[in-house]
Protein chains: 12
Amino acid sequence: MKHILIVHGPNLNLLGEREPEVYGSMTLADINAELETFAQQHHLTLKNFQSNHEGGLIDFIHEQRHWADGMVINPGAYTHYSYALRDAIAGVNFSTVEVHLSDISQREDFRKVSVIEPVCVAQVSGLGWKSYIAGLEKLLDLKKA
Amino acid sequence: MKHILIVHGPNLNLLGEREPEVYGSMTLADINAELETFAQQHHLTLKNFQSNHEGGLIDFIHEQRHWADGMVINPGAYTHYSYALRDAIAGVNFSTVEVHLSDISQREDFRKVSVIEPVCVAQVSGLGWKSYIAGLEKLLDLKKA
Amino acid sequence: MKHILIVHGPNLNLLGEREPEVYGSMTLADINAELETFAQQHHLTLKNFQSNHEGGLIDFIHEQRHWADGMVINPGAYTHYSYALRDAIAGVNFSTVEVHLSDISQREDFRKVSVIEPVCVAQVSGLGWKSYIAGLEKLLDLKKA
Amino acid sequence: MKHILIVHGPNLNLLGEREPEVYGSMTLADINAELETFAQQHHLTLKNFQSNHEGGLIDFIHEQRHWADGMVINPGAYTHYSYALRDAIAGVNFSTVEVHLSDISQREDFRKVSVIEPVCVAQVSGLGWKSYIAGLEKLLDLKKA
Amino acid sequence: MKHILIVHGPNLNLLGEREPEVYGSMTLADINAELETFAQQHHLTLKNFQSNHEGGLIDFIHEQRHWADGMVINPGAYTHYSYALRDAIAGVNFSTVEVHLSDISQREDFRKVSVIEPVCVAQVSGLGWKSYIAGLEKLLDLKKA
Amino acid sequence: MKHILIVHGPNLNLLGEREPEVYGSMTLADINAELETFAQQHHLTLKNFQSNHEGGLIDFIHEQRHWADGMVINPGAYTHYSYALRDAIAGVNFSTVEVHLSDISQREDFRKVSVIEPVCVAQVSGLGWKSYIAGLEKLLDLKKA
Amino acid sequence: MKHILIVHGPNLNLLGEREPEVYGSMTLADINAELETFAQQHHLTLKNFQSNHEGGLIDFIHEQRHWADGMVINPGAYTHYSYALRDAIAGVNFSTVEVHLSDISQREDFRKVSVIEPVCVAQVSGLGWKSYIAGLEKLLDLKKA
Amino acid sequence: MKHILIVHGPNLNLLGEREPEVYGSMTLADINAELETFAQQHHLTLKNFQSNHEGGLIDFIHEQRHWADGMVINPGAYTHYSYALRDAIAGVNFSTVEVHLSDISQREDFRKVSVIEPVCVAQVSGLGWKSYIAGLEKLLDLKKA
Amino acid sequence: MKHILIVHGPNLNLLGEREPEVYGSMTLADINAELETFAQQHHLTLKNFQSNHEGGLIDFIHEQRHWADGMVINPGAYTHYSYALRDAIAGVNFSTVEVHLSDISQREDFRKVSVIEPVCVAQVSGLGWKSYIAGLEKLLDLKKA
Amino acid sequence: MKHILIVHGPNLNLLGEREPEVYGSMTLADINAELETFAQQHHLTLKNFQSNHEGGLIDFIHEQRHWADGMVINPGAYTHYSYALRDAIAGVNFSTVEVHLSDISQREDFRKVSVIEPVCVAQVSGLGWKSYIAGLEKLLDLKKA
Amino acid sequence: MKHILIVHGPNLNLLGEREPEVYGSMTLADINAELETFAQQHHLTLKNFQSNHEGGLIDFIHEQRHWADGMVINPGAYTHYSYALRDAIAGVNFSTVEVHLSDISQREDFRKVSVIEPVCVAQVSGLGWKSYIAGLEKLLDLKKA
Amino acid sequence: MKHILIVHGPNLNLLGEREPEVYGSMTLADINAELETFAQQHHLTLKNFQSNHEGGLIDFIHEQRHWADGMVINPGAYTHYSYALRDAIAGVNFSTVEVHLSDISQREDFRKVSVIEPVCVAQVSGLGWKSYIAGLEKLLDLKKA
């Protein structure tokens, strides 16, 4: 059975409450529940984690580096400047997929650049919570190859 | 039954032959067959189209604009400069998802900017041919909402 | 009698249907009819042409280069990047006026630069279909001089 | 009867004398006379004004804001940096058309950007004094709509 | 009675000790005491918070989002790059004023850009600790409107 | 008794009439009256001045340089490019505070840079007419120090 | 015997007619005849192709990819922005030399950057039609190595 | 006898008073007196003019354009952005020399670019009031040639 | 005896495990042991600290500011964007040396700029763990001076 | 008989030894011998020169300016910044061709810009030592014209 | 008697021969003779030096640093990039004036920036050989102060 | 015994005399003596070289390329633009360490970029003459590995 980390970055704990017209009405717990259902169908074990702390996200990735076989991460705003998070992802041995909930609503210029993407194997945005599912499917495919 | 366009941009006709270590060994026909299978399972009707001509892609989108309910497009290199293709997508009434086969192998700087993305509802890259599947699923979700 | 080319670039074939709040409700046929009326009043012979193909626009300009005495062109999105179209205009012996239907609605940054303008004798935007009329009047004036 | 402002920016008082190979041999008085003829034919009342003072142009626009129904302005070199003039145009309730006499002769880089255009409904350049006529026609059309 | 958050960003805990010629000789406790006096005069309840942790600041804003009616924040150096903090401010329902103690002494280029300001209702800098007072007065005005 | 200049830049004479949803419904006379009330309470003598002329603002600052002990200036659009105004402020011996009425509504890129700020002791924006009050309070504090 | 493609990009069909002071008085047919003479002397078989269509150039390169051992291409204005053409060149197995007729006359800034060059083995400009000869000689040398 | 304009831009009326450690202790009247002495020795007639108004400087240049044979101008801060002043200088028939009093003390980045210089025949900075003398000598030399 | 802080930034806790071909096979404990040996020989007392938290690093520097006489810091990826860390270093009274383990392997563009360096007295990179030794020697020299 | 300079810039004296996989195994003497053979066949007299000194290259070009009818120069790294060398080439009366040995191996960004090319009649790169031959042929053609 | 260095940079040895329409017909010897005449009138001793070698110019400045009381330098193209020459000027104790012969003919963009100017006390351009005279006069004035 | 080059770039011959508050009071001879002492202790043979000539530095590196096992170079101002020196370092087979004497005093923007560093194995700045020692120690370590 494969071990996958589900990592949610800053402000995602407010999901369902914060700007629902942009990010949807599901809470983070709702999303985690959906992912859990998917995981059981595909024989995956998930560990969920959310933090608003850049260092907290790095700590978690480090701590799980021997347990995990892959990671789906929504880095939130850290997507755009956290080279420390990027180094953490580059420094562990499993593959990572970068996901984002929304697409067209994220239009400020600073959101167009991801410093995380170059160390990931795929990037998915705009599918709502199913962006995470697409990320999990990518990791499943990688394992087969 | 929903009508979906599958549009492949320049050089994708060489798929399976061109740099297979980057783009995989499946041909465009293989991908279309996979998408057809998915379409039948989900009660979708697909129309496939590939062209190396910017104008040809625009013509096709125009011609199908009354038939189609959605589009999944891999704009290839036109992703990075075809404002004419962007205008074509913005000018029709159905939703479009932008997809790319590879992710980490596409690292020249000019590939980091998509002029197409701002007129699409989602963007998926790095899932191989399943990027198209993720696009189709997005369109299915939109139709339900 | 003077021979004038009226050239419409990509996506203008959808005029009247595409974003009418921006581009107006007249179709391309309507505009061509108006221009024809003007032409007859001013003893001009017009040849209309629309294409979504960059190469098609260039081919047409080349083919008509011995027939034509001037050109009014709405290059659409090719305005912003088609150096090939620019070279075609620079390579023929008649004068060209660049026109655009709308003005204030075109506000993305990429629309602020015209690579075509340096090889034209005038540029008109925001007058709706009368932008073409202004272009024709410019060509009439040039011929007198 | 409609009330239209004709505003000429810096250095245009030298028209006919300054670089006639670029700007033509007509004086500002000549242009105003032509515009007056047009105005009488189309039942327009014009008020002409020229100033080399950025503040003078703003003052005039302010003073005439209750009299005027529209404005045709050739901002001269203020086109490229006068945000104060832009704010003045944005702050009154009538529509404005930006015009320029010449086109291809204006080729220094700083002349490629207009900070005025985003608050105007149309922009015309290269038609000589008829650029003003095209502007007046635009204002006539607007009034009908 | 209104509930206002007073949030101090990184390195402000050293106030009074760190570069007093730039930031003044008052400590953070001194400032908080002044703000408390003002609050009592204006029937405000304040909650003070200081952290050097980007995530800690975000956590605090999240936790207080149902209690608070407004916030005055001095984001310190996070002003210039913390898009995560910006998202936190944008994601809660109360209004925020950005304040800085000093003005002319902050002259490195990187200090000229605030990524926080676009999600705030006002920005005050250079008034010393009274920058916070100006922020509180702004929030009082907003409440009346 | 202290002597303070209140200087209003271009287009502020239209206050209350121009885009009231952005700049509020108070006229410049209303603001000056409020400032006068404040001045009398704090034993300040004010001189008000408004001009749309860059040179007029500079002339006024020069003329008052021996009378004045401080200045509160809202440079309007000159904020963004008037190095001549900046030099005038730098060239006199009293302190200046830069103020702006609105904050979040001013979002075009060109409004993000102030060439005036480096020669001022404080900057306040977004407090409406109370931005001027905050500026006056800053000058009062400076005098005490 | 080696098989070499000679590909001429947009507007080169007008050669000899268009700006002869820049591009010389030889027609494309003249150049092709010279290249044919060279080819027979060196036991090369050539296929000539000219198109103004970006997609047409890509199609031709694709179609000939099993026949050809090398290519000399003058991409014309596509040199400066056609990433699709670049991808086509990168996607086939034979070597390509980029050539241009003129050198010093090509001085607009946009002509200084070639997006094609990184996927070619050599670049020659300014030798007139002999630029093509130099390209053929390069391909001959490559074959020997 | 030659007719020369001596034009002083914004803030130069404060000379001798404003930052004397940078600009020296001579007043503008002192400088004009020195220039007058030089003029009499060299059979020149001078007209001095100072204004803080961009438009005032342009007006003066226009008015004197038939009287003057040359101009020495210190454009002050208008050096860096007044394209209108530049156009005025370009639009008259006499030669102009741009001068500045100080050199090394002017170090902000915005002072490094002169938009005036391209329309002048020489530029002198750092010689104090003798910069004007060097400018006059240049004009004397030009007349002889 | 001198008191020196040894501060390790994000991801350095994985040293010896993460990309050993780049960063070497020594663990952080190994490095600390080597530094301890050096410290005893030179009569220095060290305090080691590692954190992935930007705020944690700042807290530590603040807490030790009365104990410490100097600091050697490897800021890891925070080198490139943490202005908050920079402010912390600038806000304490002891001298700091910035060190990095590797040199030539760090080649992404974002690694070329250090926002920390301007507040340090020296920078050493590429000496492996001996970069820290060089930093300690610098601090020893400073104390003598 | 024509007189041609062959000028080799910095580090080319190490040819054959330095990075042979990039620059080939021929020494500079080998290349000069090949060029000499070509010269005798075409009735050219060559003078070879190599220097690592920017000033030495300029001196040589100056000294030979009356002897030489043309020059083929490989400026090495001076290609990218030596405006002094550019001025030397522009200041003599004969034509110059810029050549480079390699093409695709030269990929750092700084190698993409040539400050020398604008003063040359042609540029050849990627043909190995035959780049010089192509340069010589260009000079032969020029002489005939 | 004062000791002044006259230093001429690269390509100035060709003066009178190279592009005389730009740089005039005087040779460097002519200029030196004129300067010598001036020097004798003003009790100055000059040492002239010309080199095309950046290092040669630096060596000369170093060698003369105890003899010289000032320097007038025309750095030629080194003006635009020689930080080594700049350091040499900054490293000696006498004052330097930067001069250039021509002004309006020097219009390529790279000629607009001087890296030498910040370490000089004045800059003069466009006065022909009298630029040097203006430089000498500046040095004379400095000595008096 | 290992052979190491010690190379000092432009203006370093003035060390001890030039701006001692920045670069220290030691002369180059003093530094070389210290390095010699170190060399004898560590069984190294040094060759010292200083030149203000870019080409001279390159020549020396070339000439010593068979003798030397490593190099410590302080490129002075050539650090920032000498791609020719960079190529020389890249073209020889031994390792090089880049060193600088000062750190915090070097603050102009142009000093922040080193074009030399990418071809060196380490970079040390701010340790005074001990920067060279750190470089030697690095080379000693490399030899052991």
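Note on naming: letters A, B, ... go to the chains in the order of the sequence lines (proteins, then strands), and numbering restarts at 1 for each one. Quantities reported herein were computed from a predicted structural model and do not represent experimental measurements.
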Going from NE2 on H62(B) to CD on E17(C), what distance comes out if it is rounded to the nearest 0.5 angstrom? 8.5 Å
Taking side-chain contact (heavy atoms from CB on, under 4.5 Å) as the criterion, tell me which of D87(B), D59(B), L57(B) meets it with N52(C). D59(B)
Taking all non-hydrogen atoms of both residues into account, name the closest pair between P10(C) and I58(B) and its distance. CB-CD1, 4.4 Å
Working to the nearest 0.5 angstrom, can you tell me the gap between N11(C) CG and R86(B) CZ? 12.0 Å
E54(B) and H53(C): side-chain contact (heavy atoms from CB on, under 4.5 Å), yes or no, with the steps? CA-CA 7 Å; E54(B) 189 180 13; H53(C) 292 251; over 6 Å; no
Pick from S82(B), A84(B), A90(B): which one has the most heavy-atom pairs with chain C under 4.5 Å? A84(B)
